[in-house]
Amino acid sequence: MPSLTERFPRPSVVGIVNVTPDSFSGDGVVDPAGAAAQARTMVAEGAGLVDIGGESTRPGSEGVALEEELRRVVPVLEALGGELPVSIDTAKSEVARRALELGAVMVNDVTALRGDSELAGVVADGGAYLCLMHMLGEPRTMQDAPRYDDVVSEVAAFLEERLAFAVDQGVAEDRICLDPGLGFGKTVEHNLELLGRLEELVALGRPVLVGASRKRFLGRVLGDPEALTGPVSAGVAASVVAFERGATLFRVHDVREHVQALRAAEAVEAVAS
Ligand code: HH2
């Protein structure tokens, strides 16, 4: 199996397919045929991967039971029949195991292998790619006054430790990417600092995935202190900023806009380097 960078070269766009009734951006689709159609459209628009999730992790959310999460995502994976490159957005080993059996190639775990003790083994045995994300606290309470002394060095230290853990558990290092977890236990300033100093995470030596798309900090930057989402345009800007600082993967709701913007940014980089 190729390394993550060979399979998903910089920049690669990851399209978000939320099979949920309660995702923060209101984009959730609950019928399997609709979700599968959305995934196909995203790949046709240039996504290198689609990230399918059956549990919202928006601030304040409670999580869903295993049976319900399986009931949401398995029919979508079955409808796709292994024909698209799929990542499964889950912290549960049983959901990951079923998804890998049904053709998924990556596990995107927002708990960075701190939740389900069997998940690392499922990823290692399945030879899957893995995304390790930073989160302070848990979704229910993570936005209650998050504090860091230096957010970037603390996130970097966390990701370095989780990377070592995953490798120790048998996951091949060249299949792992790292994610600062924008919006997961972070103030607006923390998110901006992570984006602005992203090189410090890229320096850890693994591809970095960034998920700024539609997140509330973008709406708040634009002057609405109560915003629960941000506009597509600000998300595209955040992705381009992250690309310029070395990010490889971009987890987004609006694939076409990101593919176009990143192509332009790539063209600039190609002549300027
Ligand atoms: N963000 C969300 C969910 N999963 N995974 C990674 N690796 N990085 C992220 O930034 C990330 C993620 C939240 O966005 P979304 O899936 O659109 O919303 P919800 O969790 O409410 O379904």
Side-chain angles (χ1 to χ4, degrees), residues 4 8 12-30 35 38-39 42 47 49-64 68-69 72-73 76 86-92 95-96 99 104 106-115 119 123 128-136 138-140 142-143 155 158-159 162-163 166 176-186 190-191 194-195 198 201 206-219 228-232 235 238-239 242 247-255 258:
L4 191 139
F8 304 109
S12 284
V13 169
V14 182
I16 302 169
V17 178
N18 284 320
V19 199
T20 52
D22 57 345
S23 286
F24 82 93
S25 68
D27 67 321
V29 199
V30 280
Q38 191 185 355
M42 287 174 159
L49 187 66
V50 285
D51 188 35
I52 298 179
E55 175 176 63
S56 172
T57 48
R58 73 184 188 290
S61 61
E62 294 280 354
V64 296
E68 176 61 14
E69 197 175 327
R72 292 177 184 179
V73 298
V76 182
V86 166
S87 152
I88 182 74
D89 185 357
T90 190
K92 297 188 182 73
V95 176
M106 185 187 288
V107 175
N108 171 26
D109 176 17
V110 298
T111 75
L113 302 181
R114 292 174 300 160
L119 186 54
V123 175
Y129 299 106
L130 174 65
C131 182
L132 296 171
M133 194 196 81
H134 176 272
M135 168 165 43
L136 183 68
E138 53 172 6
R140 201 168 46 80
M142 66 191 178
Q143 290 306 105
V155 168
F158 171 88
L159 292 173
R162 297 322 292 165
L163 174 64
I176 301 173
C177 64
L178 306 175
D179 179 349
L182 299 178
F184 286 84
K186 280 128 194 147
H190 293 145
N191 291 309
L194 283 162
L195 278 169
L198 202 74
L201 304 183
R206 297 305 311 146
V208 169
L209 180 149
V210 168
S213 184
R214 298 193 191 173
K215 284 191 176 157
R216 62 173 63 172
F217 77 93
L218 298 169
L228 294 180
T229 62
V232 179
S239 291
T248 295
L249 297 133
F250 303 85
R251 183 181 180 279
V252 306
H253 303 82
D254 307 283
V255 169
H258 280 84

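Counting convention: from 1, in listed order, for ligands and their atoms alike. In what follows, every heavy atom counts, from backbone to side chain, and hydrogens, waters and symmetry copies are set aside.
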Asker: Is any NZ, NE, NH1 or NH2 atom of the basic residue among D179 and R251 found under 4.0 Å from an Asp or Glu carboxylate oxygen of the other?
Answerer: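 No, D179 and R251 are not salt-bridged.
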Asker: Which protein non-hydrogen atom lies closest to atom 4 (N) of ligand 1, naming both residue and atom, and how far is it?
Answerer: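 Sorting protein heavy atoms by distance from atom 4 (N) of ligand 1 puts D89 OD2, 3.2 Å first.
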Asker: Is there a side-chain contact between T248 and C177 in this structure, where contact means two heavy atoms from C-beta onward sitting under 4.5 Å apart?
Answerer: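 Heavy-atom side-chain distance check fails, nothing below 4.5 Å.
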Asker: I'd like to check which ligand 1 atoms, numbered from 1 as shown, lie under 4.0 Å from a non-hydrogen atom of N18.
Answerer: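 Matching atoms, with element in brackets: 15 (P), 16 (O), 17 (O), 18 (O), 22 (O).
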Asker: Would you say G181 touches ligand 1, if touching means a heavy atom closer than 4.0 Å?
Answerer: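 In this structure, G181 fails to qualify as a contact of ligand 1 - no heavy atom is under 4.0 Å.
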Asker: To which protein heavy atom is atom 8 (N) of ligand 1 closest, and what is the distance rounded to 0.1 Å?
Answerer: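 The answer is D179 OD2, 2.5 Å.
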Asker: Within the structure provided, determine whether R72 and T20 are in side-chain contact (heavy-atom separation under 4.5 Å).
Answerer: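 They are in side-chain contact.
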Asker: What protein heavy atom lies closest to atom 2 (C) of ligand 1? Include the residue and the distance to one decimal.
Answerer: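 Answer for atom 2 (C) of ligand 1: R251 NH1, 3.4 Å.
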Asker: Counting each atom of ligand 1 from 1 as listed, which ones have a heavy atom of V110 under 4.0 Å away?
Answerer: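 Counting atoms of ligand 1 from 1, those under 4.0 Å from V110 are 4 (N), 5 (N), 12 (C).
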Asker: Going by the order shown, which atoms of ligand 1 are within less than 4.0 Å of some heavy atom of C131?
Answerer: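 In order of numbering, the contacting atoms are 7 (N).
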Asker: What do we get for M133 next to ligand 1 when only non-hydrogen atoms under 4.0 Å count, side chain, backbone, both or neither?
Answerer: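 It is the side chain that gets close, since no backbone atom is under 4.0 Å.
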Asker: Tell me, which protein residue and heavy-atom name are nearest atom 18 (O) of ligand 1, and how many Å apart are they?
Answerer: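 Heavy-atom neighbour on the protein nearest atom 18 (O) of ligand 1: F24 CD2, 3.2 Å.
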Asker: Among protein heavy atoms, which lies nearest atom 10 (O) of ligand 1, and at what distance?
Answerer: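 It is K215 NZ, 2.6 Å.
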Asker: Would you check if T90 and E69 make a side-chain contact, meaning some heavy-atom pair closer than 4.5 Å?
Answerer: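 They are in contact (side-chain heavy atoms under 4.5 Å apart), so the answer is yes.
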Asker: Does K186 use its side chain to pair, donor to acceptor, with the backbone of P180 at less than 3.5 Å?
Answerer: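 Between the backbone of P180 and the side chain of K186 there is a qualifying donor-acceptor contact (under 3.5 Å).
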Asker: Just let me know how S56 lines up against ligand 1, side chain, backbone, both or neither, with a heavy-atom cut-off below 4.0 Å.
Answerer: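 The part of S56 near ligand 1 is both the backbone and the side chain.
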Asker: Short N/O distance, under 3.5 Å, between E55 and ligand 1?
Answerer: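 No, no N or O pair falls under 3.5 Å.
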Asker: Do R162 and L178 have side chains that get closer than 4.5 Å, going by heavy atoms?
Answerer: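 The answer is no, as the side chains (C-beta and beyond) never meet within the 4.5 Å cut-off.
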Asker: Is any side-chain heavy atom of L130 closer than 4.5 Å to a side-chain heavy atom of L113?
Answerer: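 Counting from C-beta outward, L130 and L113 do come under 4.5 Å.
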Asker: Under 4.0 Å from any heavy atom of H253, which atoms of ligand 1 are there?
Answerer: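 That gives atoms 17 (O) of ligand 1.
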Asker: Below 4.0 Å from any atom of ligand 1, is there a heavy atom belonging to R214?
Answerer: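 No.
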Asker: Among V17, I16, N18, find the residue that satisfies the side-chain contact (heavy atoms from CB on, under 4.5 Å) test when tested with Q38.
Answerer: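 Looking at V17, I16, N18, the match for Q38 under the side-chain contact (heavy atoms from CB on, under 4.5 Å) is V17.
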Asker: Quick one: does any side-chain atom of E55 pair with a main-chain N or O of V64 as donor and acceptor, under 3.5 Å?
Answerer: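 Present.
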Asker: May I ask you to test the D27-R214 pair for a side-chain heavy-atom distance under 4.5 Å?
Answerer: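 D27 vs R214: side chains touch.
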Asker: In terms of residue, atom name and distance, what is the protein heavy atom nearest to atom 5 (N) of ligand 1?
Answerer: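 Checking every protein heavy atom, the shortest distance to atom 5 (N) of ligand 1 gives N108 ND2, 3.1 Å.
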Asker: What protein heavy atom sits nearest atom 22 (O) of ligand 1, and how far away is it?
Answerer: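 Sorting protein heavy atoms by distance from atom 22 (O) of ligand 1 puts S23 OG, 2.5 Å first.
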